[in-house]
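Reviewing the structure listed below.
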Amino acid sequence: MKNFILVCAGTACESSKADAIYKNFLEEIKKHGLESEVQTVKTGCFGFCEKGPIVKVLPDQAFYVEVKPSDTKELFEENIIKGRLVKRLLYAGDEVKDKDNFEADDIQFYKKQYRIALRNCGFIDAENIEEYIAFDGYQALAKCIFELTPDQVIEEIKVSGLRGRGGAGFPTWMKWKFSKDVNADQKYIVCNADEGDPGAYMDRSILEGDPGSVLEAMAIAGYAIGANKGLIYIRAEYPLAIKRLETAMTQAESRGLIGKNILGSNFTFDIEIRLGAGAFVCGEETALLRSIEGSRGMPTPKPPFPAIEGLWGKPTIINNVETFANIPAIILKGGKWFSGMGTKGSPGTKVFALTGKINNSGLVEVPMGTTLREIVFEIGGGIRDNKGFKAVQTGGPSGGVITEEDLDTPIDFDSLVAIGSMMGSGGMIVMNDDDCIIDVAKFYMDFCVEESCGKCSPCRIGTKKLYQYLDKISKGNGKLEDMQKMTDISVAMKLASLCGLGQTAANPVLSTLHYFKDEYLRHIEEKKCISGKCKDLVRYEVVAEKCIGCTVCARKCPVNCITGEKKQLHVIEQDKCIKCGECLKYCKFDAIVKF
């Protein structure tokens, strides 16, 4: 039986020398003359980013983590040549530590996942179209062209209940139907790969690991609405995704799978890539279209909606990467299959980028309706360093914090909105007890200030004012009435902003004010930040009764603000202290206290 060595080669693993690991395995294969018996595959992301680089050996199902280039010789000789596992490199979580062998599905991180959008990531070589085809690639497109009418394609998507995975959750079939019904000489399909949420990398990983699924889905959408032109708008900061997209496009064109007369039919569909400069506002569909047209990326009022009048005034369908990645599977397996997962209002699965103060960070794809508790404490393995859970931010700068009282909320579009957050594109950042909620809100608002296009005053002025109030509170200068002023500004932004950025930018402020009012009051009334993140409210002092004058604190202080002779009481000069906490960290006598 042939052995396969799967090497994760997503961006994160590539940065940890995955390419060297791959090349070392090729050299080992050649050295042992096993080219016909062993194949090394450079895959996309496995999802378990916390433990990368990852190497998986088939058919043994050996799952090796944190592999280094220097480990490849041992792995090859032991696992491939001698058939023995290299236990020191095997994943060794509690759920598998007593097993001699195990499959990836035994690992807690994967147990509750169900992969549709990520189905090929970590399994195929994204730069070899033959592998995509071997996993039913372009079968869905062939089925559409030769077996289904455009109306039947749209009906299948309608039955599936697929909603846009870019944040708004608009029914995909309805958008497609709008465009199909417009009589126009030119229509466009646009893939929104302008992923801008802090901590989010779902779309990037799909494009790096399975670009063919997106190309195929765009062609299917083109067939359904009568479009023959597609554009992928992707940020230039994704060089690996761009490279693999270009490779997949070239290979598909050479085989007649995209381009003119696809599969010998009368259907033609061309695709090109357009690079964005990384503006968050260009995730909004009208701003994205203006950028493609060569104008400044700024939103325009709706209606008309892009599905009716979009790129260069023509009907344009815009879906994000994850939405498209679901399409081929829905066409092949049927809309009823897809709608049988998830919840009634939010069928299917959703990919999340689970990051923050979590033990197992990475990409997670779960059925809609999975609870936050399951994701954070089962898949994510709980809070790092046994700290307490504080909150989880979903939806990035457009979302809100979710506290422990709502951890059992099922994740779907409507449930998250009901508790003051939103799905967004799928970023999920976990916070622990050491995080300051004012600091968190300030971070997101600073991001929104920088990313606002400035076209409408509610967003342009509102984000700046909210940031100023948060900054004021973080420095101990806040007043009680500031909380009401922030609420009033936030409500006005929601009602009057031109696009989704401004309408949702205040969500982090509103949700933190609602769930963490006491922490705001502590900053305003007591001038205290328990977490120590608001440095203007932190003060370190020496306890005279406990200080023995060992000088450790003075030697560790990076700014030399601690004075005192050996075996004498030391003093912290407050005007020089940068509140780094090194003195507290290294004092062995509890002689340093933080206020």
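Values in this document were obtained by computation on a predicted structure and should not be read as measured data.
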Name all residues meeting the salt bridge (Lys or Arg N to Asp or Glu O under 4.0 Å) criterion together with Lys517; count only those two or more places apart in sequence or in a different chain, and write none if there are none. none
When every non-hydrogen atom of Cys13 is compared with those of Pro53, the smallest separation belongs to SG-CA, 3.5 Å
State the CZ-CD1 distance between Arg204 and Ile206, to the nearest 0.5 angstrom. 11.5 Å
For the residue pair His523 and Cys534, what are the closest heavy atoms and their distance? NE2-SG, 3.5 Å
Is it true that Arg539 and Glu541 make a salt bridge, defined as a side-chain N closer than 4.0 Å to a carboxylate O? yes
For Thr504 and Asn507, does a side-chain donor sit closer than 3.5 Å to a side-chain acceptor? no
Quick one: CD1 on Ile402 to CD1 on Ile419, what's the gap to the nearest 0.5 Å? 4.0 Å
Measure across Cys577 and Ile572 and return the closest heavy-atom pair with its distance rounded to 0.1 Å. CB-CG2, 4.2 Å
Report yes if the side chains of Cys553 and Cys587 come closer than 4.5 Å at any heavy-atom pair, otherwise no. no
Heavy-atom count check: over 12 atoms from other residues, nucleotides or ligands less than 6.0 Å from Lys475 NZ? no
Is the backbone of Lys535 close enough, under 3.5 Å, to the side chain of Lys579 for a donor and an acceptor to pair up by distance? yes
Kindly indicate whether a cation-pi arrangement holds for Lys390 with Phe516, taking the cut-offs as under 6.0 Å to the six-membered ring centre and within 45° of the axis. yes
Sequence neighbours excluded, the answer for salt bridge (Lys or Arg N to Asp or Glu O under 4.0 Å) partners of Lys387 is Asp434
For Lys479, is the NZ atom crowded, meaning more than 12 foreign heavy atoms sit under 6.0 Å from it? no
Side-chain donor or acceptor of Arg296 paired with backbone N/O of Cys453 under 3.5 Å: yes
Approximate separation, where rounding is to 0.5 Å, of Lys533 NZ and Phe443 CZ: 12.0 Å
Run Glu365 and Thr349 through side chain to side chain donor-acceptor pair (under 3.5 Å) and show every step you take. CA-CA 6 Å; Glu365 184 172 4; Thr349 61; 2.6 Å; yes
Minimal heavy-atom distance between Met445 and Ala505, with the atoms involved, is CE-O, 3.1 Å
Measure from the side-chain N and O atoms of Gln503 to the backbone N and O of Ser497, and report whether any donor-acceptor pair falls under 3.5 Å. yes
Using modelled atom types only, decide if a donor and an acceptor are shared between the side chain of Arg244 and the backbone of Glu208 within a distance under 3.5 Å. yes
Checking Ser421 side chain against Gly400 main chain: does a donor-acceptor pair fall under 3.5 Å? yes
With no hydrogens and no angle check, is any side-chain donor or acceptor of Thr72 less than 3.5 Å from a backbone partner on Lys68? no
May I ask you to check whether Ser398 and Tyr444 show a side-chain donor-acceptor distance below 3.5 Å? no
d(Ile473 CD1, Leu537 CG) to nearest 0.5 Å is 10.5 Å
At their closest point, which heavy atom of Gly500 faces which heavy atom of Glu284, and how far apart are they? N-CG, 4.4 Å
Test item: Glu450 side-chain N/O and Asp446 main-chain N/O as donor-acceptor pair under 3.5 Å: no
Is the closest side-chain donor-acceptor distance between Glu50 and Ser361 under 3.5 Å? yes
Lys485/Glu481 salt bridge by N-O under 4.0 Å criterion: no
Is NZ or CZ of Lys56 both nearer than 6.0 Å to the six-membered ring centre of Phe63 and within 45° of the ring axis? no
Show your working on salt bridge (charged side-chain N to carboxylate O under 4.0 Å, His left out) between Lys527 and Asp536 and close with a plain yes or no. CA-CA 9 Å; Lys527 314 297 181 187; Asp536 289 278; over 6 Å; no
Please say whether more than 12 non-hydrogen atoms of neighbouring residues, nucleotides or ligands are located less than 6.0 Å from CD1 in Ile530. no
Which heavy-atom pair separates Asn79 from Ala62 by the least distance, and what is that distance? OD1-CB, 3.6 Å
Any cation-pi pair here, Lys465 with Tyr469, using under 6.0 Å and within 45°? yes
Considering only heavy atoms from C-beta outward, does the side chain of Lys350 approach that of Ile411 to under 4.5 Å? no
Does the side chain of Thr371 pick up a donor-acceptor pair with the side chain of Glu374 at under 3.5 Å? yes
Let me see the working for Tyr515 and Thr512 under side-chain contact (heavy atoms from CB on, under 4.5 Å), right down to the final yes or no. CA-CA 5 Å; Tyr515 290 108; Thr512 54; over 6 Å; no
Side chain to side chain, Leu498 and Lys455, heavy atoms closer than 4.5 Å: yes
Residue pair Asn192 / Val321, side-chain heavy-atom distance below 4.5 Å: no
Should Thr355 and Val430 count as side-chain neighbours, where that means a heavy-atom distance under 4.5 Å? no
Are any non-hydrogen side-chain atoms of Leu372 and Met428 less than 4.5 angstrom apart? yes
Is the shortest side-chain N to carboxylate O distance from Glu78 to Arg84 below 4.0 Å? yes
Where the side chain of Gln393 meets the backbone of Gly396, is there a donor-acceptor pair that is under 3.5 Å apart? yes
Side chain of Thr343, backbone of Ser346: donor and acceptor closer than 3.5 Å? yes
Do Ile461 and Lys464 touch side chain to side chain, with heavy atoms closer than 4.5 Å? no
Hey, does Glu195 have a side-chain heavy atom less than 4.5 Å from the side chain of Tyr238? yes
Regarding Lys546 and the six-membered ring of Phe589, is the cationic atom NZ or CZ under 6.0 Å from the ring centre and inside 45° of its axis? no
Please step through side-chain contact (heavy atoms from CB on, under 4.5 Å) for the pair Asn24 and Phe76, ending with a clear verdict. CA-CA 10 Å; Asn24 286 354; Phe76 193 87; over 6 Å; no
Given Glu519 and Ile437, is the side-chain contact (heavy atoms from CB on, under 4.5 Å) satisfied, shown in steps? CA-CA 7 Å; Glu519 193 162 339; Ile437 212 66; 3.7 Å; yes
Does Asp406 offer a backbone N or O that forms a donor-acceptor pair with the side chain of Thr409 under 3.5 Å? yes
Can you list the steps and then say if Asp19 with Lys23 is a salt bridge (charged side-chain N to carboxylate O under 4.0 Å, His left out)? CA-CA 6 Å; Asp19 192 54; Lys23 290 177 179 177; 3.2 Å; yes
For the atom pair SG (Cys547) and CG (Leu569), what is the distance rounded to the nearest 0.5 Å? 5.0 Å
Distance flag, aromatic centroids of Phe48 and Tyr91, threshold under 6.0 Å: yes
Residue list, salt bridge (Lys or Arg N to Asp or Glu O under 4.0 Å) with Asp439, at least two apart or on another chain: none
Approximate separation, where rounding is to 0.5 Å, of Tyr520 OH and Ser474 OG: 10.5 Å
From CA spacing to verdict: side-chain contact (heavy atoms from CB on, under 4.5 Å), Arg88, Tyr64: CA-CA 9 Å; Arg88 71 178 182 85; Tyr64 297 110; over 6 Å; no
